[in-house]
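Shown next, in structure tokens, is the structure this report addresses.
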Amino acid sequence: MEIIINAIEQGLLFALVAIGVYITYKILDFPDLSVDGTFPLGAAISAALLVKGVNPWITILVATIGGAIAGSITGFLHVKLKISNLMSGILVMIGLYSINLRIMGKANTPLFSTNHIFKNTSINSIFIILAIVIVVKALLDLFLKTKAGFLLVAVGDNEQVVSALGINKNIIKVMGLMISNGLVALAGALTAQHQGFADVIMGQGTVVMGLAAVIIGVSIFGKISFVKATTLSILGAIIYKLVVAIALWMRLNPNDLKLMTAIIVVIALASNNDIFKIKRKKNKIKEVVGKGGDEDVKNSGAIQSIQS
């Protein structure tokens, strides 16, 4: 039971990352790899401030702002310097590695002797995390119903239409990247306080795991019309962490976790693209042909020959 509770806690923490990845990959169609750097950035900022005795909640707020600034840099490289979206994220991710080292002064900062939001409190950590996730989800859902939120979705669907309306699509893109990376940095700050340390390499594979969580949530619960996209991301993150916890409980080699993540993403992507439905479609085609499809094909061929 303790393993399941811990997995749910980890899933709720990672749900913030999944929501951030959803904004860039699903809404903006922007493969933002900078989240691999903004996740440890949030942890580094929070840890560095905690060591200096700053209020834990203030460190979380500052970390979120820091992540948003990093996201704006990714957007600036893309919209102003005309660097491709993929390369913009990679450049920011590489640069943030050195910045994180500068912030902490070393590769790892322990927080066991410092005060944080999960320490010296009678409230169970899972309820604190759940409350934060619910607040973030509610605020984001409200934002997506505003004019700015509709424009964010519109830019991802068809940015030419947004430009035709006289609205600067570049500002909307930068705004989306700021929100996304701010959420990821928030998750990094909370994770550092929850685990009791911050490390510069704790963000490796974050974007892949976040994408896996989003795809899992969409694939399993996407057909339920009344479930919001943010809820799908949260559920996907929890399921992903539960799968990892079960794999570790079954004594799977921890070195294989990254491989397992890759396999989960491949399966989720394949199912999401209806790859496994090819056989059923072929059977339907055969049935149609057997019921007179040959005659339809001949008629369409005759029409094409007449038109030529």
Side-chain angles (χ1 to χ4, degrees), residues 1-22 24-26 31-44 86 89-90 93-94 96-97 100-101 107-111 125-126 129 133 183-185 187-188 190-222 232-276:
M1 187 66 181
E2 184 178 352
I3 296 176
I4 296 176
I5 294 176
N6 185 59
I8 294 175
E9 286 183 353
Q10 295 293 328
L12 289 172
L13 285 170
F14 203 75
L16 298 172
V17 177
I19 294 173
V21 172
Y22 178 86
T24 52
Y25 275 83
K26 288 291 186 179
D32 183 22
L33 295 182
S34 62
V35 298
D36 277 17
T38 51
F39 185 79
L41 174 66
L86 185 63
I90 292 174
M93 176 186 66
I94 294 173
L96 285 176
Y97 182 85
N100 294 336
L101 284 173
N108 186 289
T109 300
L111 301 173
S125 58
I126 190 172
I129 300 170
V133 172
L183 290 175
V184 174
L190 290 173
T191 301
Q193 295 191 30
H194 184 260
Q195 295 182 348
F197 69 92
D199 197 292
V200 291
I201 63 171
M202 64 189 298
Q204 287 186 352
T206 300
V207 63
V208 177
M209 293 186 289
L211 183 60
V214 171
I215 294 173
I216 290 172
V218 172
S219 300
I220 297 177
F221 306 102
L232 296 178
S233 301
I234 294 171
L235 294 175
I238 294 174
I239 293 174
Y240 172 78
K241 289 297 183 180
L242 283 173
V243 171
V244 172
I246 293 172
L248 291 175
W249 178 73
M250 295 175 62
R251 301 185 183 278
L252 181 70
N253 191 333
N255 295 329
D256 296 332
L257 287 180
K258 297 294 185 182
L259 176 61
M260 187 180 72
T261 299
I263 294 174
I264 291 174
V265 173
V266 169
I267 295 174
L269 283 172
S271 61
N272 197 44
N273 292 332
D274 296 336
I275 297 298
F276 300 123

Output, in order, the C-alpha distance, side-chain angles, deciding distance and verdict of side chain to side chain contact (heavy atoms under 4.5 Å, CB included) for L235 and I220.
CA-CA 9 Å; L235 294 175; I220 297 177; over 6 Å; no
Value rounded to 0.5 Å, distance of CZ in F197 from OG1 in T191
9.5 Å
Check whether any side-chain heavy atom of N6 sits under 4.5 Å from a side-chain heavy atom of Q10, and report yes or no.
yes
Compare all side-chain heavy atoms of I129 with those of L190 and state whether any distance is below 4.5 angstrom.
no
Is any side-chain heavy atom of Y25 closer than 4.5 Å to a side-chain heavy atom of V35?
no
What one should report as the nearest heavy-atom pair of A18 and A237 is CB-CB, 4.3 Å
Taking C-beta and beyond as the side chain, do L86 and P31 meet within less than 4.5 Å on heavy atoms?
yes
Where do S34 and M93 come nearest, in terms of heavy atoms and distance?
CA-CB, 4.1 Å
Flag the pair L232 / V214 as yes when at least one side-chain heavy-atom distance between them is below 4.5 Å, and no otherwise.
no
Please report the closest heavy-atom contact between A44 and A198, naming both atoms and the distance.
N-CB, 4.4 Å
Any sub-3.5 Å donor-acceptor pair from D36's side-chain atoms to T206's backbone N or O?
yes
Provide the closest heavy-atom pair for N100 versus G37 in the form atom of the first, atom of the second, distance.
ND2-O, 3.5 Å
What distance separates S233 OG from I216 CD1, expressed to the nearest 0.5 Å?
11.5 Å
Look up atom CD1 in I215 and atom OH in Y240, then write down how far apart they are to the nearest 0.5 Å.
12.0 Å
Which distance, rounded to the nearest 0.5 Å, do you find between the CD1 of I8 and the CD1 of I239?
11.0 Å
Spacing of K241 atom NZ and M209 atom CE [to the nearest 0.5 Å]
5.5 Å
So do I19 and I234 actually touch side chain to side chain, heavy atoms under 4.5 Å?
yes
I need the I4 CD1 to I238 CD1 distance, nearest 0.5 Å.
12.5 Å
